[in-house]
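Beneath this line is the structure, given in structure tokens, with notes to follow.
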Amino acid sequence: MDRRRYLRTMGTTAAGSVVAGRSFRQSSSDAVATTKRVTSDGFESKADDGRWEDRLVRGVNLGMAKPAHFPGDAAITRAEYDRWLAQISAMNANVVRTYTLHPPAFYDALAEHNADRERPLLLLQGNWIAETVMAEADDMFDPAVISANDTGIENAIDAVHGTLSPSDHGGVADGRYRSDVSPYVLGYVLGTEWEPAVVERTDERHADIGEYDGRYLTTNAATPFEHWLAARLDDAATYERDRYDTLRPLSVTNWPPTDHIDQPTDPEAFQNDADVTLDHLLPTDEFTPGLFATYHVYPYFPPFMNHEPDYLEYTAENGVESSFRGYLADLVAESDYPVLVGEFGVPSSRGLSQRQVQGFHQGHHTEREQGERNAELYEHIVNSGALGGVVFTWQDEWFKRVWNTAEYTEPDRRPFWMDRQTSEQAYGLLSFDPRGETDITLSGDLSEWEHASELYTTAESDFGPESEPLVALEDGHDGARTLTGLSAAADPGSLSLKLSYDDLGSVVDWERTNTLVFLDITPERGITSMPFETGLHTSEGVDFLVNLAGPDDSRVLVDSYSDRFYYHYGELLGEISAIEYAGDRDRSEFHAIELALGREMEIPSLDETIEFESYETGRLRFGVGDPDHEAYDSLADVCVTPEENTIEIRLPWLLLNVRDPSQRIVAGDFWTDGLSAETRLDSIGVSAATFLPNSRGEATDLESPTNITDSLSPITGDELVFGSDSRFAWETWNEPAYDERLKQSYDVMQETFGDL
């Protein structure tokens with residue numbers, strides 16, 4: 001089929017338009033009884049009375065990790081599984097998907113959960129192959145890869161039938177499997193998102209392998225990699241048929257980088273010949289349940305989602321242009337088998353990894369926005385004629401990394417803290433809210449600060465002998481400029497600060513006062529000369545400076561020597577303009593804090609060069625961070641409470657170059673020792689001061705040694721002196737404290753699934 005012609009003729013303009021029909025080889029044999037099957041109309045389950053009932057998949061993926069644990073630890077408890085499965089069903093989901101074998105507690109919980117349920121929660125059981133195994137072999141026909149796959153799927157089949165014992169599986173998910181949940185297994189989905197390079201090398205090395213002719217599957221015009229897939233699926237079907245006298249639908253994981261659709265706007269960096277499709281696999285007459293294609297589809301990746309004109313201009317049933325919907329139309333039309341969208345979604349992280357031209361970004365969505373965008377993506381999936389969709393994912397995953405932050409954290413310590421800057425950690429509908437010695441919700445509730453570290457109080461505040469600026473202002477004393485205290489608290493997600501003032505008034509007038517918070521993060525580093533024409537110097541080097549200048553102009557700044565973004569993409573990679581002084585200490589320069597969004601790419605078909613892109617992640621967002629508050633904003637960084645004369649600030653650890661807060665590890669001197677340089681802290685220095693801004697946002701000239709209007713630390717001449725009491729140390733941890741909480745996105749998906 002001509003893909004471009006199809007899009008031009010089938011692009012929908014109104015609700016109810018029909019996607020082009022599909023066909024695939026359907027067996028007429030019923031040699032083995034099965035209660036699950038997939039047809040061109042969708043999944044079907046056999047009822048007790050023998051009728052086949054349709055099952056549009058309303059699913060959620062369930063991972064193996066929780067805070068303080070990697071997936072391989074298999075640390076989720078039976079009580080957690082019980083609770084989560086109940087919440088998943090209450091969300092009106094009908095399918096839960098696992099990527100690999102879970103511990104016995106999961107299958108025990110699923111069996112009990114489904115007991116006597118008229119509409120049981122069905123299972124799509126996965127079997128992944130570890131990336132390390134494939135990377136080391138670099139060839140899917142390597143015996144180690146085949147063994148890993150075949151052993152894994154046989155263990156999974158035994159597990160769902162309740163016959164797997166510890167001696168059979170070598171502790172992959174330790175324990176004895178006694179619960180038979182096979183009646184609830186909708187199908188098996190093998191594999192993972194295939195690396196294009198591995199697919200290409202497999203095809204090259206086994207070009208003469210020929211077609212596969214098995215018991216349940218054969219191939220026609222298959223690539224060697226597709227031959228390998230057919231053999232693995234055939235082995236799985238044979239194993240379950242011979243041991244348990246049953247068969248069920250089968251699939252393999254796939255994603256756009258290895259789909260079989262030509263993408264003219266693929267940038268050069270993503271172009272490859274790694275095409276993988278089930279269309280070249282044919283079931284024999286003995287295989288009755290059917291095959292289905294499983295794809296992980298996200299609106300912002302690969303890059304063609306942002307650049308392919310036919311996709312960008314595709315009008316969805318709801319009247320909006322959607323590249324996601326355009327790609328789905330292509331995918332469903334070009335697949336001989338029914339398509340399940342096995343992953344979709346956007347994260348509710350503070351940090352952003354990729355932009356999407358229609359607003360479906362990889363990150364920086366509120367929890368409610370996350371739900372609304374996921375709901376719209378699911379609507380597109382249903383309208384495309386797919387089998388349904390499985391939202392990614394159930395729980396947030398602290399162990400995850402993403403390309404633009406991965407090199408800034410300690411790999412072995414990621415599960416021990418929540419990185420708000422890493423988008424991959426926040427796809428969940430269930431949040432693990434970090435807790436410290438005191439629970440700071442960023443809500444203006446002063447009782448939450450009862451156990452925080454009080455670094456400054458009114459009695460200790462001393463502007464020093466050079467106090468003329470306080471009495472020199474024409475408007476006289478202004479309580480909004482008078483600082484009366486500062487407290488600090490730490491938890492596995494953030495450094496939190498509370499500033500207290502004499503009188504903020506009913507509404508803060510940011511044209512009359514700004515506040516600077518000085519942070520000495522890295523020992524023997526930082527700048528002593530402060531910006532904004534304050535005329536101020538500090539006794540300690542300041543690495544980071546928080547400028548509170550109102551909802552539209554507040555940000556965290558970093559001293560040029562500690563600017564990790566510039567070092568990474570300027571000094572190391574040369575992708576941004578050179579700054580001559582950046583590698584020099586004490587240059588009295590502060591930079592905005594940036595995160596990379598995209599590398600430079602060429603799109604030959606459009607004759608375009610996509611420039612390197614970044615964004616200012618140090619900008620601070622004002623709002624209420626308490627999930628129980630009616631004005632809750634999950635992206636809030638700053639909460640101003642005039643009636644309590646306080647301003648609270650929540651700063652993500654990674655924003656401050658902290659590589660592992662659980663052990664107080666921060667970035668070291670990367671200019672000398674490289675990007676992975678680190679150092680251990682005893683404490684950080686904290687202080688604050690106020691100034692009267694002029695029209696340029698700089699300090700108004702007060703004709704004195706410094707233009708500061710108040711300070712928590714003593715000022716002698718033009719020097720602000722950090723005292724011993726200005727140091728903040730927090731307790732390290734190996735068991736992060738957290739509370740489970742259903743996000744607002746859960747409520748949105750509950751309503752979306754319920755409407756069906």
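Computed from heavy atoms alone, side chains included, the values below leave out hydrogens, waters and symmetry copies.
Side chains of His296 and Thr253 form a contact here, defined as non-hydrogen atoms less than 4.5 Å apart. Here the side chains of Thr219 and Leu282 are not in contact, with every heavy-atom distance at 4.5 Å or above. Counting heavy atoms from C-beta outward, Asn220 and His280 have side chains that stay 4.5 Å or more apart. Inter-residue side-chain proximity for Met140 and Phe225 is flagged as met; some heavy-atom pair is nearer than 4.5 Å. For the pair Glu131 and Glu195, the minimum side-chain heavy-atom distance is 4.5 Å or more. In this structure the side chain of Tyr188 reaches within 4.5 angstrom of the side chain of Val160, judged on heavy atoms.
The minimum heavy-atom distance between Trp194 and Val199, with the atom names listed, is CB-CG2, 3.8 Å. Among all heavy-atom pairs drawn from Gln362 and Val402, the shortest one is NE2-CG2, 4.1 Å. Between Leu121 and Ala93 the shortest heavy-atom distance is CD1-O, 3.8 Å. The shortest non-hydrogen separation linking Val133 to Ala148 is CG1-CB, 4.3 Å. Between Ser322 and Ala316, the closest heavy-atom pair is CB-CB, 4.4 Å. Residues Ala65 and His69 approach most closely at CB-O, 3.7 Å, considering heavy atoms.
With hydrogens and angles left out, the side-chain atoms of Thr151 and Asn155 include no donor and acceptor closer than 3.5 Å. Remark: the Glu367 side chain and the Ser745 side chain contain no N/O donor-acceptor pair separated by less than 3.5 Å. With no hydrogens or angles considered, no side-chain donor-acceptor pair links Tyr427 and Glu397 at under 3.5 Å. Donor-acceptor pairing under 3.5 Å is recorded for the side chains of Tyr107 and Gln125. Between Tyr239 and Asp158, the side chains place a donor N or O and an acceptor N or O closer than 3.5 Å (distance only, hydrogens not considered). Under the 3.5 Å distance criterion, with hydrogens and angles disregarded, no donor-acceptor pair is assigned to the side chains of Gln370 and His365.
In this structure, Thr752 OG1 and Gln750 CD are separated by 10.0 Å, a value rounded to the nearest 0.5 Å. Atom CG of Asp142 is separated from atom OG of Ser147 by 10.0 Å, given to the nearest 0.5 angstrom. The structure places CG of Leu281 at 11.0 Å from CG of Asp336, a figure rounded to the nearest 0.5 Å. With rounding to the nearest 0.5 Å, the separation of CG in Leu217 from CD in Glu286 is 12.0 Å. One distance of note links CG of Asn149 with CZ of Arg232; it measures 6.0 Å at 0.5 Å rounding. If you take CD on Glu372 and CD on Glu751, they are separated by 10.0 Å, rounding to the nearest 0.5 Å.
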key: Check against side chain to side chain donor-acceptor pair (under 3.5 Å), His113 and Ser89   = CA-CA 9 Å; His113 176 78; Ser89 284; 2.6 Å; yes

task = Check the pair Ser423, Ser349 against side chain to side chain donor-acceptor pair (under 3.5 Å), reporting the backbone distance first and the verdict last.
result = CA-CA 5 Å; Ser423 58; Ser349 57; 4.8 Å; no

key: Test side chain to side chain contact (heavy atoms under 4.5 Å, CB included) applied to Asp275 and Thr258, step by step   = CA-CA 5 Å; Asp275 291 348; Thr258 53; over 6 Å; no

request  = Please assess Thr405 against Thr422 for the test side chain to side chain donor-acceptor pair (under 3.5 Å), listing each intermediate value before the final yes or no.
outcome  = CA-CA 6 Å; Thr405 63; Thr422 293; 2.7 Å; yes

key: Check against side chain to side chain contact (heavy atoms under 4.5 Å, CB included), Val382 and Leu56   = CA-CA 8 Å; Val382 173; Leu56 175 68; 4.1 Å; yes

query = Please walk me through it: do Thr77 and Glu80 pass side chain to side chain donor-acceptor pair (under 3.5 Å)?
reply = CA-CA 5 Å; Thr77 66; Glu80 288 167 329; 3.2 Å; yes

message = Please determine whether side chain to side chain contact (heavy atoms under 4.5 Å, CB included) holds for the pair His161 and Thr246, giving the CA-CA distance in whole Å, both sets of side-chain angles, and the decisive distance to 0.1 Å.
response = CA-CA 11 Å; His161 286 276; Thr246 189; 4.1 Å; yes

task = For the pair Leu110 and Leu85, evaluate side chain to side chain contact (heavy atoms under 4.5 Å, CB included) and give the outcome as yes or no after the intermediate values.
result = CA-CA 7 Å; Leu110 183 63; Leu85 292 178; 4.1 Å; yes

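Ring-plane geometry between Tyr99 and Phe392 is classed as perpendicular, the angle between the planes exceeding 60 degrees on a 0 to 90 degree scale with a lower cut at 30. Between Tyr327 and Tyr311, the angle of the ring planes goes over 60°, which puts this pair in the perpendicular group of the 30/60° scheme. Ring geometry for Phe324 versus His380: interplanar angle of 30 to 60°, hence tilted. Relative orientation of the Tyr81 and Trp84 rings is perpendicular, given thresholds of 30° and 60° on the angle between their planes.
At a threshold of 4.0 Å, the pair Lys46-Glu44 does not count as salt-bridged, since none of the basic side-chain nitrogens sits closer than that to a carboxylate oxygen. Under a 4.0 Å N-O distance rule, the pair Arg243/Glu154 does not qualify as a salt bridge. Using a 4.0 Å cut-off between charged nitrogen and carboxylate oxygen, Glu240 and Arg248 count as a salt-bridge pair. Salt bridge Asp396/Lys743: present, at least one basic N to carboxylate O contact under 4.0 Å. Glu317 has a carboxylate O that lies under 4.0 Å from a charged side-chain N of Arg325, or vice versa, which qualifies the two as a salt bridge. Ionic pairing of Asp139 and Arg201 is not present here: no N-O contact between side-chain nitrogen and carboxylate oxygen is shorter than 4.0 angstrom.
Without hydrogens or angle criteria, Arg97 side chain to Gly342 main chain gives a donor-acceptor distance under 3.5 Å. No donor-acceptor pair under 3.5 Å is formed between the side chain of Asp259 and the backbone N or O of Leu331.
Checking Leu122, Asn94, Leu340 one by one against Leu186, the side-chain contact (heavy atoms from CB on, under 4.5 Å) holds for a single residue, Leu122.
Partners of His227 by side chain to side chain contact (heavy atoms under 4.5 Å, CB included), not counting sequence neighbours, listed by chain and number: Phe141, Ile209, Tyr212. Not counting sequence neighbours, the partners of Ser323 by the side chain to side chain donor-acceptor pair (under 3.5 Å) test are Gln356, Gln358. Scanning for side chain to side chain contact (heavy atoms under 4.5 Å, CB included) contacts around Arg215 gives Asp234, Thr238, Arg241, Asp242, with sequence neighbours left out.
Annotation: Glu53, atom CD; neighbour count of heavy atoms from other residues, nucleotides and ligands within 6.0 Å is above 12.
Centroid-to-centroid, the aromatic rings of Phe292 and Tyr337 stay 6.0 Å apart or farther. The aromatic ring centres of Trp255 and Phe301 sit less than 6.0 Å apart.
In this structure, Arg414 fails the cation-pi test against Trp398, since its NZ or CZ atom is not both closer than 6.0 Å to the six-membered ring centre and inside 45 degrees of the ring normal.
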